Novice: 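After the structure tokens below, expect a handful of questions from me.
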Protein chains: 2
Amino acid sequence: MAEPKENVLMEKIVSLCKRRGFIFQSSEIYGGINGFWDYGPLGAELKRNVKELWWNTMTRQRDDVAGLEATIIMSPQIWKASGHVDTFSDPMCDCKGCKKRFRADQIEPSSGVVFHFYGAEDRSMNKALLDQLLADKSEEEQRKGKERYLELLKEERDADILKEELETHLRSGIPEVRDAAADKLRQLDSLERCTEHFAVLLPHGKPRESAEKKASVFFQQKGIKVPRFSAVRTENVENTVSYCNDCGCELTAPRPFNLMFKTYVGPVESEDNVAYLRPETAQAIFAQFKNVLETSRQRVPFGIAQVGKAFRNEVTPRNYTFRSREFEQMELEFFIKPDEVVEAIKGRVTPGAELDTRHPALDTSSWGWEAWHKYWVEQRIAFYEGIGLSRATLEEYWQKPEELAHYARACVDILFKFPFGTQELEGIAARSDFDLSQHARFSGKPMGVFDEELRAAWGKLPKEKSDDLWRRYYENRKKYLVKMGVEAEQAAKDATNDANGLAKGQYIPHVIEPSAGVDRLILALICNAYSEVTETDDKGKSETTVVMKFHPRVAPIKVGVMPLLKNKPELVKKAQEVRDLLRPWMNVFYDDAGSIGRRYARQDEAGTPFCVTIDFDTLGEKPELKDTVTIRYRDDGKQERLAIGELLNWLLPKIR
Amino acid sequence: MAEPKENVLMEKIVSLCKRRGFIFQSSEIYGGINGFWDYGPLGAELKRNVKELWWNTMTRQRDDVAGLEATIIMSPQIWKASGHVDTFSDPMCDCKGCKKRFRADQIEPSSGVVFHFYGAEDRSMNKALLDQLLADKSEEEQRKGKERYLELLKEERDADILKEELETHLRSGIPEVRDAAADKLRQLDSLERCTEHFAVLLPHGKPRESAEKKASVFFQQKGIKVPRFSAVRTENVENTVSYCNDCGCELTAPRPFNLMFKTYVGPVESEDNVAYLRPETAQAIFAQFKNVLETSRQRVPFGIAQVGKAFRNEVTPRNYTFRSREFEQMELEFFIKPDEVVEAIKGRVTPGAELDTRHPALDTSSWGWEAWHKYWVEQRIAFYEGIGLSRATLEEYWQKPEELAHYARACVDILFKFPFGTQELEGIAARSDFDLSQHARFSGKPMGVFDEELRAAWGKLPKEKSDDLWRRYYENRKKYLVKMGVEAEQAAKDATNDANGLAKGQYIPHVIEPSAGVDRLILALICNAYSEVTETDDKGKSETTVVMKFHPRVAPIKVGVMPLLKNKPELVKKAQEVRDLLRPWMNVFYDDAGSIGRRYARQDEAGTPFCVTIDFDTLGEKPELKDTVTIRYRDDGKQERLAIGELLNWLLPKIR
């Protein structure tokens, strides 16, 4: 029963977003384009604030993360290494009739009668042959021939019988008739036939002709102008997903449809010039790992952060901006030492259970992947809490071992309770050394790092210990290589080389990946902020208004500045002074149009946390209130008085 | 003589950018991808700062501009309306030999001998025919036939002579020979021939065979297995641009090659699903003009600003990041009243010469397009000055009337003196009402606005005045419509309707468009900042270091914080306190590795304007200096002492 109510709420949210300029349909004046959304003035500010906060939190406020801004179009090799060219696809079926394409897992089951058509032959061809055959005959002969032909057609065996008839002509006394018959027989042997089977599903009770018509159209497209079938068979079916939901025609078997948008770089549209719009921002980070490492004075453990657009040619974009075809990501790849390396250096890896990752000790040097993974889950949840999504609105979902990608050691999804269901905002995955290893193999460029501490420590390890670490590292590497299709002997050889590197201080870093979607976060913030206030006046008339309770940190406008009256130059002048005082530090909206109540309501809908009103007291009507203003809170409508001189320092900590 | 020196400078800049992580080649580990560049940690910060400053200056610091963030992929109709589908192209020639594609205006003139080949016929076909013809003959006949055939080949007229020979067979006494000859003659008439002419340019002295070989390959690709030519002609040419610079083969005539990257949206790659990556951000602003107007509480004059990626499939990307295939734009569309409307309301339009747009009066209500255009040119130059590009490094280029697009009334290019030449950073165009009019016509949605002031004023105008304004508005509208191919009578009718709207307060806004490229601005800032300092020590040994003199507002790192020594915990602790004090307000780089001189040098290369050093005096070795730090200036290396408590307030105004 919850469904309709939820839809009502989403409808209200969508309507507000359009009405107040948070989100517009892309290309709306041209009827829109499915799966693409624009951010209007308020939406653009909201999105900027969120991205800026993420960037600040993840890079500028930390010593151990560097930023990157890579291109959307990259070498297609990157997507071969990442596996996207081969496996980033949805299974799709094509309707053989209407040519529509469906996601195999989204076909509605249907029931009815299936008509199977076999052995389509071209009837028009036989007709043409007969016409030619009769051309040289007397009128009487022609009349008889035509009658015979029409009979043949009814019997639906005309080709064979025509052949029989022609064979009698071969024995004719007239040379021309003999020659013509031989000629036609040759042509008859090259008759258009189609061995393909075709089937149409009709609801019970629908006439057979409807199916035949669809079958005829299908075979006509194969070059058989007037199809005749050697056999038609019917079958009753229940809940089949093999037929088109729109027209009932047979679907092809599911085939993978790659979700990357494809284009061509350079003036020639050839296979050599194919490129893709990135389906994620992460891969550029791996591809530039060595460049960043070498130029940023970072050492493992450290991260590389990137914010940017990504594109997926979703077959069915849905849930408003939640699953769209063009979207933005905020991704961090945090590179860490493999556990074997930590253990070699520190003697042990701190077990996950011992850690309070929310208050990490300064020394993280004994952290293995479990600790780092736990740490980033906590960091990311803290980030969401810091912009107004309380823990109560979030869910933490630890993927089960059977759900994990083969290279992943753990993955946590942070979910938000949207009106249309609880859905993923961010995934935090421990991806082992899979990504760097893939790019090392595909590019032929080493992706390992050198660690002097490891080299020094390794030399001092007891043999038993170093053998154990060597063996564990070796096994992990071999497992990865074999999984990737490297032949067993070669894999053992390569893994041996890799494990031998440890003694020289060399290893391939592992990675923890907190990967967030900007647009779904914006939608979560909008859904979370949406609230309605109903007020009833003295006359019993009630009015419902919308208040968007954004956290001040993300609110598009931080403060509305308003002179009480528009037509009092002193009020206006003072209000503009206040506006100009605050503006260098925050986004200010100056509004002097309409009643003050209506202006407050407008800012409530925009989600502006504070309004500042300049009134006659500000000008000194009550001398003790001179140069003070009214501050009005969005969330409860309460007001208080503050000196203009204190305003900036009062506001700044609240919005940062 | 300036050329080599400039290249040396660019090489140094490119090298520094890679070495310090400003700019990397995209997908470098895979050999790169031509025309795509990534920003490393320092570059990403620099770029963020520039974009943030632009956004702040253009939207948040103004009452009259709203922001927008639209998608990169939009409805393809938008690019039909804008003219990009039809006219956004370079003329390209294809080599008929090696199939390479060249920009017509970039072909190098060449000289030599041209070999022209005419009337290619398939020699292999005749051979096959002869074989068939001889199949039924006696051995002696066959031998003679072959000899004759070989002679024919030498004469290179075999098809005709073969025909003659076959005609004699038609008169043969043997029916089989007659039949066969008739059959072959029919086949001979369908012989593979190619009437296309082909030509190859060879340098003087190169053998004719080389040209024949290329011609043979060309005709073989046309299905003529063994080409024979009815005529070959030679010609001496000088400085021709009709032949391939690589292989000498003939080029096709220039054909337009559209510069938009094309892709398909949705699962089917059909013409219906074609979409383009936007080649500019501006069009989304026009397409969403009405939505923004209706939701943002703005009235004309006002602007809509957008920052975002755009893509152009440049045939020859060049000058490092200056002309790349994926780039970012910062565009403002500032919508204004047409001059006729200003004049109707205010009685006159303030002439451009009267204005000091740098210090505009509060009242801009009598400004026409000339004043607004001048105003934005000044605003934009002031922006560049504010981030460190002095007027001396810039040039202002006013396009000549014959250079203007047909709809533009004026266009100013702001140029920067790059080491590779003086090139455009930004264009500021007065584009009339062209863009909104185009989208109104293509979408069928009205793009006009209603202005109560105009309606009221129009009613009070003397008839002579309103007739004059009506006529001028009418003429402009008609001129536009006729230019766009609207038939004269219809154009007059539509223009009449448009001009009649004035009396009802309706008009289509005009627009001023300051359009800047982010990447070329980043490159300008890098080139402008690059400087070398050579220091000679006591021993006469000199060392040259690079100092990147970025304006503090755009510098990637604002301040380097350093303990004098790494191994003194008190210094480190204090330095980290200073880092944590500053970090919430600016990008801080903490560095404790190496000598203090080397650390300063590293920050000089990164362009960090200030370094703060924590030394023993900070800890109170000299009690009067307790809790003070050394501030070191990047540009002159000078140092001064400042109390930690004053640090933030000292730094903030310098970096904002």
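Fair warning: this is a prediction, and the values are worked out from it, not measured in the lab.
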Novice: Can you check side chain to side chain contact (heavy atoms under 4.5 Å, CB included) on B:Ile522 and B:Thr321, steps first, answer last?
Specialist: CA-CA 9 Å; B:Ile522 297 302; B:Thr321 60; over 6 Å; no
Novice: Most heavy-atom pairs under 4.5 angstrom with chain B, which of A:Ser75, A:Pro41, A:Pro267?
Specialist: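 It is A:Pro267.
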Novice: Below 4.5 Å from any heavy atom of chain A, which atoms of B:Phe311 appear? Answer side chain, backbone, both or neither.
Specialist: side chain
Novice: Tell me whether the count of non-hydrogen atoms from other residues, nucleotides or ligands lying under 6.0 Å of NZ in A:Lys445 goes above 12.
Specialist: yes
Novice: Show, in sequence, the C-alpha distance, side-chain angles and deciding distance for B:Leu259 and B:Tyr276, and conclude whether the side chain to side chain contact (heavy atoms under 4.5 Å, CB included) test is met.
Specialist: CA-CA 10 Å; B:Leu259 295 180; B:Tyr276 304 97; over 6 Å; no
Novice: Any chance you could lay out the side chain to side chain contact (heavy atoms under 4.5 Å, CB included) test for A:Tyr39 and A:Ile23, step after step, and finish with the verdict?
Specialist: CA-CA 5 Å; A:Tyr39 291 86; A:Ile23 297 170; 3.9 Å; yes
Novice: Counting heavy-atom pairs under 4.5 Å to chain A, which of B:Lys47, B:Lys99, B:Met92, B:Gln25 comes out on top?
Specialist: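 If we count pairs closer than 4.5 Å to chain A, B:Lys47 comes out on top.
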Novice: Measure from the side-chain N and O atoms of A:Glu69 to the backbone N and O of B:Ala44, and report whether any donor-acceptor pair falls under 3.5 Å.
Specialist: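 Here the side-chain-to-backbone pair does not exist.
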Novice: Out of B:Met74, B:Arg20, B:Glu45, which one racks up the most heavy-atom pairs below 4.5 Å with chain A?
Specialist: B:Glu45
Novice: Under the 6.0 Å and 45° cation-pi test, does B:Arg656 pair with A:Trp585?
Specialist: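 Ring-cation test returns yes.
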Novice: Among A:Glu52, A:Glu269, A:Met447, A:Gln298, which has the most heavy-atom pairs under 4.5 Å with chain B?
Specialist: A:Glu52
Novice: Can you tell me how far the CZ atom of B:Arg19 sits from the CZ atom of B:Phe24, to the nearest 0.5 Å?
Specialist: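 So the CZ of B:Arg19 and the CZ of B:Phe24 are separated by 12.5 Å.
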Novice: Is chain A contacted by the side chain of B:Lys51, its backbone, both, or neither, given a heavy-atom distance below 4.5 Å?
Specialist: both
Novice: Would A:Lys290 and A:His439 count as a side chain to side chain contact (heavy atoms under 4.5 Å, CB included) if you check the C-alpha gap in whole Å, the side-chain angles of each, and the deciding distance to 0.1 Å?
Specialist: CA-CA 11 Å; A:Lys290 273 298 186 89; A:His439 286 294; over 6 Å; no
Novice: Surrounding CZ of B:Arg598 (heavy atoms of other residues, nucleotides or ligands, distance under 6.0 Å), is the total greater than 12?
Specialist: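 Not buried by this count: 12 neighbours or fewer within 6.0 Å.
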Novice: Please classify the contact between B:Phe36 and chain A as side chain, backbone, both or neither, with a heavy-atom cut-off of under 4.5 Å.
Specialist: both
Novice: Name the member of A:Gly21, A:Ala70, A:Ala305 that forms the most heavy-atom pairs with chain B at distances under 4.5 Å.
Specialist: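 Highest number of pairs under 4.5 Å: A:Ala70.
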Novice: Using a cut-off of under 4.5 Å on heavy-atom pairs, state which of B:Lys100, B:Arg297, B:Arg325, B:Glu314 scores highest against chain A.
Specialist: B:Arg297
Novice: Measure the CZ-CZ distance between A:Phe257 and A:Arg101 for me, rounded to the nearest 0.5 Å.
Specialist: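 It comes to 6.5 Å.
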Novice: Considering only heavy atoms from C-beta outward, does the side chain of A:Phe589 approach that of A:Pro556 to under 4.5 Å?
Specialist: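 No, their side chains stay 4.5 Å or more apart.
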Novice: Among the options A:Pro76, A:Gly444, A:Ala593, A:Gly67, pick out the one with the most heavy-atom pairs lying under 4.5 Å from chain B.
Specialist: A:Gly67
Novice: Looking at A:Val292, A:Thr281, A:Val307, which hits side-chain contact (heavy atoms from CB on, under 4.5 Å) with A:Leu68?
Specialist: A:Val292
Novice: Does anything in residues 302-313 of chain A pair up under side-chain hydrogen bond (donor to acceptor under 3.5 Å, both in side chains), and if so which pairs, sequence neighbours excluded?
Specialist: A:Lys309-A:Glu326
Novice: Between A:Val65, A:Ile557, A:Asp94, A:Thr263, which residue shows the highest count of heavy-atom pairs closer than 4.5 Å to chain B?
Specialist: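 With the most close heavy-atom pairs to chain B, the winner is A:Thr263.
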Novice: Can you tell me which of B:Ile78, B:Asn34, B:Val315 forms the most heavy-atom pairs within a distance under 4.5 Å of chain A?
Specialist: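 Among the listed options, the one with the most contacts to chain A is B:Ile78.
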Novice: So what's closer than 4.5 Å to chain B heavy atoms on A:Ala606: side chain, backbone, both or neither?
Specialist: neither
Novice: Of all of B:Thr295, B:Asp591, B:Thr316, which one pairs up most often with chain A through heavy atoms under 4.5 Å apart?
Specialist: B:Thr295
Novice: Identify which part of B:Leu277 has an atom lying under 4.5 Å from any heavy atom of chain A, answering side chain, backbone, both or neither.
Specialist: side chain
Novice: Going through the distances and angles, do A:Asp90 and A:Arg103 end up as a salt bridge (charged side-chain N to carboxylate O under 4.0 Å, His left out)?
Specialist: CA-CA 7 Å; A:Asp90 279 342; A:Arg103 246 179 72 175; 3.5 Å; yes
Novice: Restricting to non-hydrogen atoms, name the atom on A:Thr71 and the atom on B:Ser26 that form the minimum distance, rounded to 0.1 Å.
Specialist: OG1-OG, 3.1 Å
Novice: Within residues 54-62 of chain A, which positions have a heavy-atom distance to chain B below 4.5 Å?
Specialist: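 Against chain B, the residues of residues 54-62 of chain A that fall inside the cut-off (heavy atoms, under 4.5 Å) are A:Trp55, A:Thr59, A:Arg60, A:Gln61, A:Arg62.
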Novice: In terms of heavy-atom pairs under 4.5 Å, which option from A:Asp63, A:Ile33, A:Asp580 contacts chain B the most?
Specialist: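 Highest number of heavy-atom pairs under 4.5 Å: A:Asp63.
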Novice: So for A:Phe327, is it side chain, backbone, both, or neither that comes closer than 4.5 Å to the heavy atoms of chain B?
Specialist: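 A:Phe327 has no heavy atom closer than 4.5 Å to chain B.
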Novice: Counting only heavy atoms from other residues, nucleotides and ligands, does the tally under 6.0 Å from CZ of B:Arg299 exceed 12?
Specialist: no
Novice: Side chain, backbone, both or neither: which part of B:Glu328 has a non-hydrogen atom closer than 4.5 Å to chain A?
Specialist: side chain
Novice: Taking B:Asn587, B:Val268, B:Val265 one by one, which has the highest count of heavy-atom pairs under 4.5 Å against chain A?
Specialist: B:Val265
Novice: Answer with side chain, backbone, both or neither: which region of A:Leu652 has an atom nearer than 4.5 Å to a non-hydrogen atom of chain B?
Specialist: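 When you check distances to chain B, only side chain atoms of A:Leu652 fall under 4.5 Å.
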